[in-house]
2 protein chains.
Amino acid sequence: MALRVRKNRVAIPAGVVRVKSADAAHACPLTRVMGLLSGAWAPHVVWYLSDQPRRFGELRLDIPAISARVLSQRLRELEAKKVITRAVVPTTPPSTEYELTALGRELVPALAAIAAVGEKLGTEEAPPPRRRRRRAS
Amino acid sequence: MALRVRKNRVAIPAGVVRVKSADAAHACPLTRVMGLLSGAWAPHVVWYLSDQPRRFGELRLDIPAISARVLSQRLRELEAKKVITRAVVPTTPPSTEYELTALGRELVPALAAIAAVGEKLGTEEAPPPRRRRRRAS
DNA sequence: CTGTATCCAAACCGATACTG
DNA sequence: CAGTATCGGTTTGGATACAG
């Protein structure tokens with residue numbers, strides 16, 4: 001993995017190299033996992049699925065701020081990435097069970113670590129994730 | 001914090017409540033931290049800053065895929081959120097030192113957990129984070 | 001109940017060019 | 001070196017309405 005920008009490579013004077021951080025050793029392990037959790041809500045989905053399998057509507061209640069559209073999108077993406085499984089229970093009315101796969105469960109400790117930080121920061125005021133104001137009209 | 005969607009609230013028959021997951025107990029601790037790491041590159045910035053303070057150009061080399069514009073944006077956002085500090089060293093040419101704050105260091109373990117998962121998944125092929133194809137023209 | 005389709009806004013990102 | 005300005009493109013997300 002070439003360690004240099006494509007276009008605007010900055011010329012660092014040889015000898016001023018302070019510390020070669022990205023040495024392919026612990027290069028970008030974040031990238032892989034981040035790819036699995038793309039989108040602001042994917043982590044929440046996995047998180048709420050970590051307790052036990054849940055259904056669409058339950059997840060919707062777990063994450064009030066999410067819209068059905070986005071929840072559906074993330075769910076299908078996570079399914080495609082083998083992070084969760086989708087099981088349709090042919091009842092009336094039909095219901096679906098979403099559950100973490102082995103891969104998905106791998107992510108839980110990481111999310112737990114994040115949640116732990118959140119708890120620790122805790123009480124401090126927390127700016128809402130990313131509220132969008134609807135246009136004034 | 002009302003546990004119900006604003007508009008499209010789904011009516012779950014009372015008695016079918018499987019498990020009350022989001023009970024304000026371990027509600028959404030992710031949200032707070034996610035807000036700190038908004039954007040696909042913010043985690044990387046914090047991650048590469050976890051070793052030691054680094055300069056703008058160094059971070060740019062650490063994260064080849066990032067553009068100067070976005071790096072600058074994230075840097076200023078993280079500074080505003082008190083995750084990092086910016087110190088301008090009045091030399092010629094001028095240089096700047098970015099360093100994690102106490103808050104920023106809180107995030108490192110969480111990122112380490114993510115990185116650990118990434119390492120564990122490791123060798124498996126990893127779809128690039130979110131490569132954008134430039135337009136064909 | 002479980003989604004999907006449209007419409008629209010905002011966040012995010014890269015390339016390039018330019019300033020102090 | 002350290003940024004910012006501008007431009008255009010992609011991605012994510014909310015609201016609403018509607019379908020199986």
Side-chain angles (χ1 to χ4, degrees), chain A residues 5-13 16-18 34-35 37-45 54-61 63-79 86-98 128-137, chain B residues 5-13 16 18 34-35 37-45 54-61 63-77 79 86-98 128-137:
Chain A
V5 279
R6 294 186 297 271
K7 306 299 168 51
N8 297 339
R9 57 168 304 194
V10 295
I12 284 189
V16 191
V17 184
R18 298 149 62 81
M34 299 296 293
L37 297 176
S38 60
W41 297 117
H44 290 78
V45 172
R54 289 182 86 69
R55 298 186 303 161
F56 189 89
E58 292 178 315
L59 289 171
R60 212 143 68 124
L61 292 178
I63 318 171
I66 200 174
S67 63
R69 193 182 94 89
V70 175
L71 178 55
S72 180
Q73 276 185 355
R74 296 292 144 261
L75 248 16
R76 282 186 288 109
E77 282 187 16
L78 289 171
E79 186 188 4
R86 190 176 91 116
V88 180
V89 185
T91 58
T92 49
S95 55
T96 52
E97 286 280 335
Y98 291 96
R130 252 137 26 66
R131 306 305 298 168
R132 283 179 176 78
R133 61 191 179 290
R134 303 215 52 203
R135 76 153 174 275
S137 77
Chain B
V5 278
R6 293 184 298 273
K7 305 300 166 50
N8 299 340
R9 55 168 302 194
V10 295
I12 285 189
V16 191
R18 298 147 62 81
M34 298 298 292
L37 298 176
S38 60
W41 297 118
H44 289 79
V45 172
R54 288 182 87 68
R55 297 186 304 161
F56 189 89
E58 291 178 315
L59 289 171
R60 211 142 70 122
L61 291 178
I63 318 170
I66 201 173
S67 63
R69 194 182 90 91
V70 174
L71 178 55
S72 180
Q73 277 184 356
R74 297 291 143 259
L75 248 18
R76 281 185 290 109
E77 281 187 15
E79 186 189 4
R86 191 176 90 115
V88 180
V89 185
T91 57
T92 50
S95 57
T96 54
E97 286 280 335
Y98 292 96
R130 269 165 337 87
R131 304 309 296 169
R132 286 179 174 77
R133 61 195 179 290
R134 305 213 49 204
R135 72 155 176 275
S137 76

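Everything numeric here is computed off the predicted structure, so don't read it as measured data. Numbered from 1 within each chain, the chains take letters A, B, ... in sequence-line order.
Contact detail for B:M34 and A:P43: the closest heavy-atom pair is CE-CG, 3.5 Å. Nearest heavy-atom pair, A:R54 versus A:E58, reported as atom, atom and distance to 0.1 Å: CA-OE1, 3.4 Å. A pairwise comparison of heavy atoms in B:S95 and B:T91 identifies OG-OG1, 3.7 Å as the closest pair. Here the shortest heavy-atom pairing between A:F56 and A:L71 reads O-CD2, 3.8 Å.
Taking OH from A:Y98 and CD from A:E79, the interatomic distance works out to 7.0 Å, rounded to the nearest 0.5 Å.
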Provide a list of protein-nucleic acid N or O atom pairs under 3.5 angstrom, restricted to nucleotides 3-7 of chain C.
residue: C:dG3; atom: OP1; partner: A:R86; partner atom: NH1; Å: 2.2
residue: C:dG3; atom: OP2; partner: A:T96; partner atom: OG1; Å: 2.5
residue: C:dG3; atom: OP2; partner: A:Y98; partner atom: OH; Å: 2.6
residue: C:dT4; atom: OP2; partner: A:S72; partner atom: OG; Å: 2.1
residue: C:dT4; atom: OP2; partner: A:R76; partner atom: NE; Å: 3.3

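To the nearest angstrom, C1' of D:dT12 lies 15 Å from CG of A:L37. Atom NE2 of B:H44 is separated from atom P of C:dC12 by 16 Å (rounded to the nearest Å). Going from atom CH2 of A:W41 over to atom P of C:dA11 covers 14 Å, rounded to whole Å. Taking atom CD on A:E58 and atom C1' on C:dC1, their separation rounds to 11 Å, with Å as the unit. D:dT4 atom P lies 10 Å from atom CD of B:E79, rounded to whole Å. Atom CZ of B:R54 is separated from atom P of D:dC1 by 14 Å (rounded to the nearest Å). Between the P atom of D:dA2 and the CD1 atom of B:I66 lies a distance of 14 Å, rounded to the nearest Å.
The bend of the helix from C:dC1-D:dG20 to C:dG20-D:dC1, defined by the angle between the axes of its first five and last five pairs, stands at 40° to the nearest 10°.
Comparing atom distances between the A:R55 side chain and each of D:dG13, C:dC1, C:dC13 picks out C:dC1 as nearest.
Within the structure, salt bridge (charged side-chain N to carboxylate O under 4.0 Å, His left out) contacts touching residues 63-74 of chain B (residues at least two apart or in different chains) are B:R74-B:E77.
The closest side-chain heavy-atom distance from A:L75 to A:L59 is below 4.5 Å.
Between A:P94 and A:R74, the residue whose closest nucleotide on DNA chain D is further toward the 5' end is A:R74.
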